[in-house]
Amino acid sequence: MILTTIALFLSSSLLRASDSCQNYYVKIIFNKKEVITKEVICSHLTSDNMLFYLSKSCLKDQCDVLKQKKKPIEIPNYLANFGSPGFKLCQELGGLPQIYEFSVDQKNWESTERCLFGKNDFVEISLLSKGWKSFIKVTK
Amino acid sequence: MKLLKNILGFFLLPYFIFILSSSQVRADFCGDSLREFYQDIDVVVNKSTLSFEDLRNFSLSYDILIAKIGKNACAQKLIEETMPIRQSMKERRIETIRGHLKRGIKTESGEDLSAEFDYLTGNLTKYNYEFALALGPDVKRVTKKIAPPKNEKCTDVIHQNEALNLTNVRNQDSVGWCYAFAAADLLSYQLKKKISAVSLYDSGQDIEKDIKSRDSENGGDIRQSIVNYIKKNNGLCLEEDLPSNDFKFCTDMQYGHFLNNFLKVIKEKRLDDELASNQCLGQNLKAAFPGLNFAQLKNYADQNGTKRIIEYLYDLQCKKMSFQNIKMNPASLTTPTHEQAALLKKLDEQISNGQVVAIGYKYHTLTGSNAEGDHASVVVGRRSNPETGACQYLVRNTWGKNCDQRESADLTCHKNCTEKGCRFSGHFWVTDERLKESLLGVTYLR
């Protein structure tokens with residue numbers, strides 16, 4: 001009975017793991033050729049089962065952009081028809097937006113957008129949007 | 001007598017304290033166990049559809065609870081307390097399977113969905129169900145609120161293929177050419193090949209002027225951008241020949257900024273110096289214009305400066321036209337010539353016919369936000385909302401895989417879900433009424 005309980009506890013904590021990091025292949029298309037590099041990218045599963053990717057340095061809200069307390073921000077033309085709002089948010093938070101593709105096996109590639117902060121920190125733009133959306137004041 | 005009372009009190013008091021505290025400990029243990037159980041299931045308990053993995057996680061948490069409380073005095077009470085949530089999970093799993101079977105999905109995680117459905121609905125008793133402890137026959141189905149009647153005219157459908165699907169939404173980045181991106185999506189779906197979005201630029205003014213500032217951009221017409229391009233070039237340009245955004249810059253992370261910086265370099269006659277000293281500009285030019293011949297570029301710049309230089313580069317990239325001699329006949333219905341109800345009717349008709357439809361719309365009306373401006377996107381699907389019965393349309397945006405919109409009863413962001421979790425796809429569902437109120441025009445291919 002006790003052993004079963006212990007086993008159940010252990011397996012359940014493995015199942016519940018919501019953050020993990022691994023090496024991914026990152027692809028960019030350059031001059032019609034594919035350039036593939038390797039990077040550590042971490043996945044984070046939120047309590048509402050949304051999966052996001054970010055740098056190891058940003059896991060558990062360690063990096064500055066995720067640490068900072070959210071407050072109302074004004075982004076001019078945030079939802080105007082030119083430009084992705086996510087990109088504008090990224091810039092407003094001091095980052096550089098980037099589109100890239102990544103894969104664990106070089107077979108199935110997923111493209112997404114991330115916001116780069118300095119050399120090491122990056123957060124998926126969709127995660128930033130999710131967190132900041134309700135704080136953004138839309139101005140002309 | 002008084003002494004006897006004191007002595008008795010002296011010995012009995014600790015006994016009573018022990019009884020009280022052990023009851024309290026038992027109550028805390030039961031309460032804590034139940035609290036932990038609810039915390040464990042927090043992730044799955046609010047999901048409207050339940051995957052096999054969701055069920056496994058829920059069942060495991062329930063198994064742990066049962067193992068923990070064992071034959072404790074509170075066990076029966078705890079089991080009864082968890083009944084409502086287990087009933088709710090059972091019903092949701094039944095509805096999830098119903099949806100799968102309707103779509104022709106027969107197994108999930110290697111399990112036979114029909115058998116599971118029959119077991120959960122009480123039509124199959126002899127079945128080795130993995131989650132019998134949590135969701136077995138003792139968990140009776142409750143009479144639930146009757147689901148709204150399905151709208152027979154609003155059948156569920158999503159159109160996608162190798163060129164246009166729920167995993168490859170575009171990102172127009174920093175340029176205001178939503179109409180061109182929508183037009184490219186419309187063509188890509190039809191032709192099953194990704195058409196270059198920026199090639200369809202058609203804002204009625206030189207690109208150089210259009211990208212100069214946010215106030216100078218003009219917008220455009222979806223239908224005209226297709227018609228004018230084919231008329232001029234007798235073919236179409238592929239995204240692989242003239243990329244719109246799917247590349248990495250070493251600086252100037254945004255397409256519009258890169259173009260403006262490039263124009264500045266040309267205007268100031270610094271192209272040679274920049275190419276020699278600033279590797280990034282050369283890299284960015286090669287990324288945006290694959291296979292670019294720099295000698296040709298320099299020659300043009302020397303003779304013409306910045307005058308229509310971007311259009312020149314676009315034409316260079318698309319010299320080898322794909323789909324040559326193509327005959328494309330896009331049609332449009334727009335307000336105020338047509339009523340919004342007529343636009344929606346045409347849109348719906350096209351969706352029923354297996355086509356996707358480009359739309360121009362008032363963004364703030366569609367999303368319920370206070371944003372200004374019109375936008376263009378493509379409608380790729382339709383469904384009857386399982387919870388509200390409302391007819392909804394799936395809008396494919398061009399702002400990457402985000403959920404920039406405020407979600408509400410009228411608008412929900414679409415997600416692609418796997419056993420690992422859910423990811424925003426860059427599409428969103430919107431009710432027919434909300435869509436109709438926002439429509440400025442619909443464009444489709446005949």
Side-chain angles (χ1 to χ4, degrees), chain A residues 1 4-5 8-9 11-12 15-16 18 26-33 35 43-53 76-91 95-101 110-113 116 124-130 133-134 136 138 140, chain B residues 40 42-44 46-47 54 56-57 60-61 63-64 67-68 70 167-168 171-178 214 217 219 240 243 245-249 253-254 256 283 286-287 290-291 363-364 367 369-376 398-404 406 415 417 420-424:
Chain A
M1 179 70 168
T4 312
T5 311
L8 282 169
F9 267 118
S11 54
S12 73
L15 274 174
R16 281 202 301 276
S18 56
V26 173
K27 179 166 75 172
I28 55 166
I29 305 291
F30 183 75
N31 216 12
K32 274 194 171 176
K33 289 179 194 153
V35 176
S43 61
H44 169 65
L45 187 69
T46 62
S47 60
D48 56 354
N49 205 38
M50 291 304 300
L51 181 69
F52 298 101
Y53 293 97
N77 296 302
Y78 174 63
L79 289 170
N81 64 352
F82 57 84
S84 145
F87 273 33
K88 290 173 199 166
L89 172 62
C90 170
Q91 287 178 308
L96 287 172
Q98 182 190 69
I99 299 165
Y100 73 111
E101 284 186 279
E110 183 178 345
S111 86
T112 183
E113 300 88 20
L116 303 165
E124 213 162 15
I125 286 178
S126 50
L127 177 57
L128 288 179
S129 292
K130 187 176 190 278
K133 217 163 33 175
S134 50
I136 296 171
V138 177
K140 290 186 190 175
Chain B
D40 282 353
D42 189 48
V43 172
V44 297
N46 290 314
K47 294 170 89 172
D54 290 333
R56 180 172 279 144
N57 288 341
L60 193 61
S61 298
D63 291 350
I64 290 170
K68 209 189 257 188
T167 64
N168 72 349
N171 192 331
Q172 69 183 81
D173 192 302
S174 56
V175 292
W177 307 342
C178 52
R214 287 172 178 174
E217 64 100 29
E240 65 195 47
N245 67 350
D246 297 330
F247 45 81
K248 179 181 172 182
F249 288 121
M253 294 294 178
Q254 290 182 268
Q283 279 190 47
K286 281 181 181 172
Y363 185 81
H364 64 278
T367 61
S369 70
N370 58 347
E372 293 270 327
D374 305 334
H375 191 37
T398 51
W399 291 346
K401 292 175 182 176
N402 300 311
C403 176
D404 298 300
R406 298 263 173 100
K415 298 160 193 156
C417 295
K420 288 182 193 167
C422 295
R423 310 261 295 142
F424 291 123

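This is a predicted model, so every value here is computed, not measured. A, B, ... follow the sequence lines: proteins, then strands. Residue 1 opens every chain.
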Check: B:Lys401 side chain, A:Ser111 main-chain N or O, donor-acceptor pair, under 3.5 Å: yes
N/O donor-acceptor pair under 3.5 Å between B:Lys415 side chain and A:Met50 backbone: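 No; judged by distance alone, with no hydrogens or angles, the pair does not exist.
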Using every non-hydrogen atom in the two residues, find where [X] and [Y] come nearest and quote the distance to one decimal.
{"X": "B:Gly421", "Y": "A:Leu45", "answer": "CA-CD1, 3.8 Å"}
{"X": "A:Gly86", "Y": "B:Asp404", "answer": "N-OD1, 3.7 Å"}
{"X": "B:Cys403", "Y": "A:Ser129", "answer": "O-CB, 4.4 Å"}

How many angstroms lie between atom CD of A:Glu113 and atom CH2 of B:Trp399, to the nearest 0.5 angstrom? 13.0 Å
Please tell me if the side chains of A:Thr112 and B:Arg423 come closer than 4.5 Å, counting only heavy atoms from C-beta onward.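 Yes, at least one pair of side-chain atoms sits under 4.5 Å.
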